[in-house]
Engineer: 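One structure coming up, written as structure tokens, with questions to follow.
So that the names make sense, note that chain A is the first sequence line, chain B the second, and so on, each numbered from 1.
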Number of protein chains: 2
Amino acid sequence: MLIYSYLMKNTNSIDHICKVIHKDVVNNVKQQMPHDDSFVYDLAEFFKAFADGTRLRILLALRISEMCVCDIAALLGMNHSAISHQLRILSHLRLVKQRKYGKVVYYTLNDVHVKALLDLGFEHVNE
Amino acid sequence: MLIYSYLMKNTNSIDHICKVIHKDVVNNVKQQMPHDDSFVYDLAEFFKAFADGTRLRILLALRISEMCVCDIAALLGMNHSAISHQLRILSHLRLVKQRKYGKVVYYTLNDVHVKALLDLGFEHVNE
DNA sequence: TGAATATATGAGCATATGTTCATATTGTCA
DNA sequence: TGACAATATGAACATATGCTCATATATTCA
């Protein structure tokens with residue numbers, strides 16, 4: 001009796017993954033959804049760029065003007081290092097590009113979609 | 001000598017916030033950028049919704065069809081609980097809405113911007 | 001060449017975040 | 001009403017993430 005109860009409990013906690021209620025819906029969606037896991041991963045990585053306050057403010061700033069690391073740090077009242085780390089992330093995501101002039105590295109937006117994306121975000125938040 | 005060296009070191013590490021190189025640019029950007037901190041915060045929160053693989057797949061699924069918690073869990077091969085937690089987050093961000101029919105709760109997309117945003121992400125990643 | 005400056009980067013730390021587990025809640029049906 | 005089923009939720013845990021510090025690299029200029 002105790003064993004049975006234990007097994008029941010265990011089974012319940014394992015298949016908390018319940019039975020599919022609408023098999024047709026699940027199959028339909030499964031077909032139409034992106035099948036490539038790495039695609040979904042890359043897509044999430046892309047959106048992550050905008051999902052942090054610091055990176056977002058950097059992008060919002062670069063939307064207005066090309067800026068160097070020093071200026072961005074001053075603008076946001078933050079460490080060089082923190083800005084540089086975030087710019088590296090944005091750079092790897094191909095969202096910003098850089099040009100070097102002497103010691104100074106100037107960053108600009110590198111993607112036509114960035115502005116459009118920020119605009120959509122504006123609309124949503126302003127509702 | 002040792003004290004001086006220490007002080008120098010300390011000063012350096014404190015004002016790693018370097019002098020502004022382009023004061024005009026910084027001032028200009030500062031004026032044109034959103035001044036409301038909570039706005040930027042909300043904007044980042046909005047983008048966070050898309051910045052996690054699980055939430056992203058949920059949104060991609062709901063883009064195709066209304067679904068209940070069970071079906072989403074089955075589709076993604078995940079726990080009820082995990083899905084439910086994420087749906088709560090999406091719900092608080094007003095990105096999904098729900099209707100209850102008996103025991104079953106059906107979720108749909110609640111924002112016209114979601115599809116547009118996903119489309120932009122598609123374009124970027126596919127480049 | 002040596003000092004100073006702008007930027008980059010690795011390590012460490014503190015916090016944030018996603019998942020799981022256990023349990024609660026709500027609704028159906030015998 | 002009682003058993004079951006679908007969903008919700010709080011706590012705990014493991015991992016991810018952003019910032020700081022120290023240091024490295026690269027460039028200018030005296």
Side-chain angles (χ1 to χ4, degrees), chain A residues 5-6 8-22 26 41 44-45 47-58 67-74 76-93 96 98-107, chain B residues 5-6 8-22 26 41 44-45 47-58 67-74 76-93 96 98-107:
Chain A
S5 158
Y6 167 77
M8 283 301 287
K9 197 165 182 172
N10 208 18
T11 311
N12 274 335
S13 72
I14 283 176
D15 82 338
H16 249 285
I17 297 146
C18 71
K19 28 235 138 217
V20 181
I21 299 182
H22 311 88
V26 173
Y41 178 84
E45 287 300 305
F47 287 123
K48 267 181 203 169
F50 304 83
D52 167 72
T54 302
R55 281 194 300 273
L56 186 56
R57 285 188 298 162
I58 291 174
M67 292 182 91
C68 71
V69 179
C70 261
D71 292 343
I72 300 174
L76 305 186
M78 288 179 72
N79 221 327
H80 279 133
S81 186
I83 303 301
S84 194
H85 277 296
Q86 297 298 356
L87 283 169
R88 189 160 53 89
I89 293 174
L90 294 174
S91 186
H92 283 159
L93 287 166
V96 301
Q98 55 225 264
R99 71 179 173 89
K100 196 166 189 175
Y101 189 80
K103 296 175 276 192
V104 182
V105 179
Y106 294 91
Y107 284 87
Chain B
S5 156
Y6 168 77
M8 283 299 287
K9 201 168 178 166
N10 208 17
T11 312
N12 275 334
S13 73
I14 284 175
D15 81 338
H16 250 285
I17 298 147
C18 71
K19 28 233 137 222
V20 181
I21 299 182
H22 311 88
V26 173
Y41 178 84
E45 287 301 305
F47 286 122
K48 268 181 202 168
F50 304 83
D52 168 71
T54 302
R55 281 194 299 273
L56 186 56
R57 286 189 296 162
I58 292 174
M67 292 184 91
C68 72
V69 179
C70 261
D71 291 343
I72 300 174
L76 305 187
M78 289 179 70
N79 221 328
H80 278 134
S81 188
I83 303 299
S84 194
H85 277 296
Q86 296 298 357
L87 283 170
R88 188 160 53 89
I89 293 174
L90 293 175
S91 186
H92 283 159
L93 287 166
V96 301
Q98 56 224 258
R99 72 179 174 87
K100 196 166 190 176
Y101 188 80
K103 295 176 274 191
V104 182
V105 179
Y106 294 92
Y107 284 86

Engineer: Please compare T54(A) and V104(B) by the position of their nearest nucleotide in DNA chain D and report the one closer to 5'.
Structural biologist: V104(B)
Engineer: Looking at dA16(D), I'd like to know if its phosphate oxygens (OP1 or OP2) sit under 4.0 Å from a side-chain N or O belonging to K48(A).
Structural biologist: no
Engineer: Determine whether any donor atom in the side chain of H85(B) lies under 3.5 Å from an acceptor atom in the base of dT20(C), or the reverse, and answer yes or no.
Structural biologist: yes
Engineer: To the nearest Å, how far apart are F50(A) CZ and dG18(D) C1'?
Structural biologist: 18 Å
Engineer: How is Y107(A) classified with respect to the nucleic acid when contacts are heavy atoms under 4.0 Å: base, sugar-phosphate, or nothing?
Structural biologist: sugar-phosphate
Engineer: In whole angstrom, give the distance that lies between atom CZ of R99(A) and atom C1' of dA6(C).
Structural biologist: 15 Å
Engineer: Below the 4.0 Å mark, does dT19(C) have OP1 or OP2 next to a side-chain nitrogen or oxygen of N79(B)?
Structural biologist: no
Engineer: Please answer whether the main-chain N or O of A49(A) pairs with a side-chain N or O of R55(A) as donor and acceptor at a distance below 3.5 Å.
Structural biologist: yes
Engineer: Nearest to the side chain of R55(A) - dA8(D), dT27(D), dG18(D)?
Structural biologist: dG18(D)
Engineer: How many whole angstroms separate atom CG of L56(A) from atom P of dG18(D)?
Structural biologist: 12 Å
Engineer: Take the protein atom CE of M67(B) and the nucleotide atom P of dA6(D), then report the distance between them rounded to whole Å.
Structural biologist: 15 Å
Engineer: Figure out the CD1/P separation between I21(B) and dT28(D), and round it to whole Å.
Structural biologist: 13 Å
Engineer: Rounded to the nearest 0.5 Å, what separation is found between the OG1 atom of T54(A) and the CG atom of L90(A)?
Structural biologist: 10.5 Å
Engineer: Determine whether a donor-acceptor pair (one donor, one acceptor, N or O, separation below 3.5 Å) exists between the side chain of S81(A) and the base of dT9(C).
Structural biologist: yes
Engineer: Does a side-chain N or O from Q86(A) land closer than 4.0 Å to OP1 or OP2 of dT17(D), or not?
Structural biologist: no
Engineer: Of I83(A), V69(A), D71(A), I58(A), which is the lone residue that meets side chain to side chain contact (heavy atoms under 4.5 Å, CB included) with Y107(A)?
Structural biologist: V69(A)
Engineer: Could you check how far CE of M78(A) sits from C1' of dT7(C), rounded to whole Å?
Structural biologist: 16 Å
Engineer: Measure from NZ on K103(B) to C1' on dA8(D) and round the result to the nearest Å.
Structural biologist: 15 Å
Engineer: Determine if H80(A) stacks with dT7(C); use a centre-to-centre distance below 5.5 Å and an interplanar angle below 30° as the criteria.
Structural biologist: no
Engineer: What heavy-atom pair brings K48(A) and A51(B) nearest, and what distance separates the two atoms?
Structural biologist: CE-O, 3.0 Å
Engineer: What is the distance, rounded to the nearest whole Å, between atom NZ of K100(B) and atom P of dA6(D)?
Structural biologist: 13 Å
Engineer: Quick one: is dT7(C) close enough that its OP1 or OP2 comes under 4.0 Å of any side-chain N or O from R88(A)?
Structural biologist: no
Engineer: Pick the closest DNA chain D nucleotide for Y101(A) and for D52(A) by heavy atoms, then say which residue is nearer the 5' end.
Structural biologist: D52(A)
Engineer: Kindly compute the distance separating CD (Q98(B)) from CG (L87(B)), expressed to the nearest 0.5 Å.
Structural biologist: 8.0 Å
